[in-house]
Amino acid sequence: MDTGQQSSITPPSRDSLSTQYSVLGTKKRSFLIKLALYALPFAIPFLLLSGFMIYTGEAMPLSWVARTQMGDDPVLYRPRYGSRDMDFKVISANLREPEILTVGSSRVLQFRAQFFNLQPRAFYNTGAPSWTLDQVVELVKRLDFTPRILILGVDQSLFNDAVVNTTFDPQVSDFAHLFMVNRSFMQEVIDGEEFDIGRYLARVEPGHGGLALGLRAIRDGHGFRNDGSEQYGDFLVAHWIYPQNERQYHLDFVDKGMLQYAYGDTVSASRMAQLEDFLTWCKDRGITVIGFAPSFMPTLYQKITNDGRHGYLQKLQAVLPDVFAQYDFPYFDFSDSTALGATDEDFFDGWHASEQINLRMYRQMLDALPDFLGGYSDTAYLAAADAGATDTFDVFGDAYPP
């Protein structure tokens, strides 16, 4: 029923609303200030720790590290927490766009830019993250450019189905890695681990005295050089690991059929098909693949070929040259390192040859393929370096060639 009376409710004035919003804004600002003050005791240590980890290189964005290694001065890189090798090598290769890449497992990491002394910056070593053919394919297909030559290390164990492929943790972003590094570092501090903070802040590589980025590079002199090759500081600088012990461990692995020396009599058909698919992909893109089987320690090679439990190896050696030849690609089998003049003492363990033995592998490639490699390397220079080497593990030192 209409009484004819006006409503007694009147809308708030503009000034009243403004006052209310002002009060709310003041309360909000007050809350945020209190929240910031509450979080400050936690934020300051986090920011200080993050800054320390970034400055030392442990959590430095990978693109920063890669650009730092683009200079003439030697920079060794290896973090202590987490492996981001795949992303790091892809970023570095894409920055450089070299004409020649070495691809494969850690067994190819002793290939150096000095091997290509006429054009050292035409080379980059992407070895380490590619323990399987899947990883080789992933790395190469992530490149933003087309290299002219791939020097592909073909690990013999790739073609034994009894060998369980190595898997790696998924690659993470720089931001996620920073949190993981902070957490791991603080956990070790809580557990009583001692850290020489001054040493880490100095960032000096202990082997040759250049810049080191990453806690392992700083502490142990272990890591990737400018050219992507690896300095084995665990063996040569920090001496956490001794080659003579590692060589014996690998001989024991052969006897027990463990790890990469698992017993096997047949060549894996699926992995051979995968290799052929990859070679086809490279051929279609005008990439020349130079394949090679890395060397074994002489005593281990003799054992693995004579024990009757690794029959796949001899069968593989018979078929791989023909597989590469189908694509007009060269292939070299360096499994028997005695053909290179090697002894057991030329190996870090049972299947990682020294820098000097890898130089001899490359010299054979160079002699056989002058049309492909002659413009990058001087034969006389490499022969002199080989002949004058006083340390089989360190022929060229740390200097990045001009």
Side-chain angles (χ1 to χ4, degrees), residues 102-109 127-140 151-168 245-280 289-327 329-340 342 344 346-353 357-358 361:
T102 302
V103 184
S105 71
S106 58
R107 297 174 78 189
V108 308
L109 281 173
S130 303
W131 285 96
T132 67
L133 288 172
D134 287 335
Q135 291 160 338
V136 168
V137 172
E138 177 187 350
L139 187 147
V140 174
I151 300 177
L152 173 65
V154 185
D155 284 0
Q156 299 87 340
S157 58
L158 291 174
F159 300 93
N160 179 4
D161 282 329
V163 174
V164 178
N165 284 333
T166 302
T167 58
F168 297 92
N245 294 341
E246 295 302 309
R247 292 193 286 261
Q248 185 58 53
Y249 294 152
H250 279 236
L251 290 171
D252 294 340
F253 294 158
V254 172
D255 291 335
K256 298 173 184 177
M258 292 176 59
L259 303 175
Q260 66 266 45
Y261 307 112
Y263 304 144
D265 190 55
T266 59
V267 175
S268 171
S270 61
R271 296 181 186 177
M272 187 62 72
Q274 188 179 21
L275 173 64
E276 294 190 35
D277 287 344
F278 178 65
L279 296 180
T280 299
V289 179
I290 301 174
F292 77 100
S295 292
F296 291 106
M297 180 178 74
T299 300
L300 187 145
Y301 182 68
Q302 184 178 20
K303 181 185 286 286
I304 203 172
T305 54
N306 295 332
D307 66 4
R309 294 178 291 187
H310 297 87
Y312 83 92
L313 182 59
Q314 289 79 14
K315 295 174 182 177
L316 181 67
Q317 290 171 321
V319 300
L320 272 181
D322 291 338
V323 170
F324 277 80
Q326 291 175 18
Y327 301 89
F329 292 154
Y331 177 77
F332 300 83
D333 191 339
F334 298 119
S335 300
D336 183 0
S337 60
T338 59
L340 299 166
D344 287 359
D346 289 305
F347 285 76
F348 293 101
D349 51 29
W351 73 337
H352 286 94
I357 299 307
N358 278 269
M361 294 182 208

Report yes or no: does Asn358 contribute a side-chain atom to a donor-acceptor pair with the main-chain N or O of Ala353 at less than 3.5 Å? yes
Closest approach of Gly264 to Asn160 (non-hydrogen atoms, all atoms of both residues): CA-OD1, 3.9 Å
Phe324 and Tyr331 aromatic centres sub-6.0 Å: yes
Return the CD1 to CG distance between Ile357 and Leu340, rounded to the nearest 0.5 Å. 6.0 Å
Could you tell me the separation between the CD atom of Gln156 and the CG atom of Leu158, rounded to the nearest 0.5 Å? 8.5 Å
Do Leu313 and Ile304 have side chains that approach each other closer than 4.5 Å (heavy atoms only, starting at C-beta)? yes
Tell me, please, which residues at least two apart from Asp277 pass side chain to side chain donor-acceptor pair (under 3.5 Å). none
So which pairs with a foot in residues 297-307 pass salt bridge (Lys or Arg N to Asp or Glu O under 4.0 Å), sequence neighbours left out? Asp255-Lys303
If we only count heavy atoms from C-beta on, is the Val108 to Phe292 side-chain gap below 4.5 Å? yes
Can you name the residues that form a side chain to side chain contact (heavy atoms under 4.5 Å, CB included) with Ser337, not counting sequence neighbours? Ser295, Pro298, Ala342, Phe347
Listed by chain and number, what are the salt bridge (Lys or Arg N to Asp or Glu O under 4.0 Å) partners of Glu138, not counting sequence neighbours? Arg142
Donor-acceptor pair between Tyr261 and His310 side chains, under 3.5 angstrom: no
Residues in salt bridge (Lys or Arg N to Asp or Glu O under 4.0 Å) contact with Asp134, at least two apart in sequence or another chain: none
Taking only residues two or more places apart in sequence, or in another chain, which ones meet Tyr327 in a side chain to side chain donor-acceptor pair (under 3.5 Å)? Thr280
Gln274 side, atom CD; Phe278 side, atom CZ - distance, nearest 0.5 Å: 10.0 Å
With Tyr263 via side chain to side chain donor-acceptor pair (under 3.5 Å) - residues at least two apart: Arg309
Under 3.5 Å donor-acceptor, Lys315 side chain and Asp265 backbone: yes
Distance in Å, Leu300 CG paired with Leu251 CG, rounded so as to fall on 0.5 Å steps: 5.0 Å
Backbone N/O of Thr305 and side chain of Gln314: donor-acceptor pair under 3.5 Å: yes
Going by atom types alone, do Asp155 and Ser157 pair a side-chain donor with an acceptor below 3.5 Å? no
Quick one, Trp351 and Pro294 - any side-chain contact, counting heavy atoms below 4.5 Å? no
Test side-chain contact (heavy atoms from CB on, under 4.5 Å) applied to Phe296 and Arg107, step by step: CA-CA 10 Å; Phe296 291 106; Arg107 297 174 78 189; 3.9 Å; yes
Could I get the full list of salt bridge (Lys or Arg N to Asp or Glu O under 4.0 Å) partners for Asp252, not counting sequence neighbours? none
With Arg247, which residues qualify under salt bridge (Lys or Arg N to Asp or Glu O under 4.0 Å), at least two apart? none
Can you tell me how the ring of Phe334 sits relative to the ring of Phe332, calling it parallel under 30°, perpendicular over 60° and tilted otherwise? parallel
What I'd like to find out is whether the side chain of Val154 reaches to under 4.5 Å of the side chain of Phe159, using heavy atoms alone. yes
According to side chain to side chain contact (heavy atoms under 4.5 Å, CB included), who are the partners of Lys256, at least two apart in sequence or on a separate chain? Met258
With sequence neighbours excluded, what pairs up with Asn245 under the side chain to side chain contact (heavy atoms under 4.5 Å, CB included) test? Tyr242, Tyr249
How about Gln302 and Thr299: does a side-chain donor come under 3.5 Å of a side-chain acceptor? no
Could you go through the side-chain contact (heavy atoms from CB on, under 4.5 Å) check for Ser106 and Trp131 one step at a time? CA-CA 8 Å; Ser106 58; Trp131 285 96; 3.0 Å; yes
Any donor-acceptor pair under 3.5 Å from Arg271 side chain to Leu133 backbone: no
Heavy atoms only: give me the nearest Leu109-Gly127 pair and the separation to one decimal. CD2-O, 3.3 Å
Taking side chain to side chain contact (heavy atoms under 4.5 Å, CB included) as the definition, give me every residue that meets it alongside Val323, ordered by chain and number, with sequence neighbours left out. Met272, Leu275, Glu276, Leu279
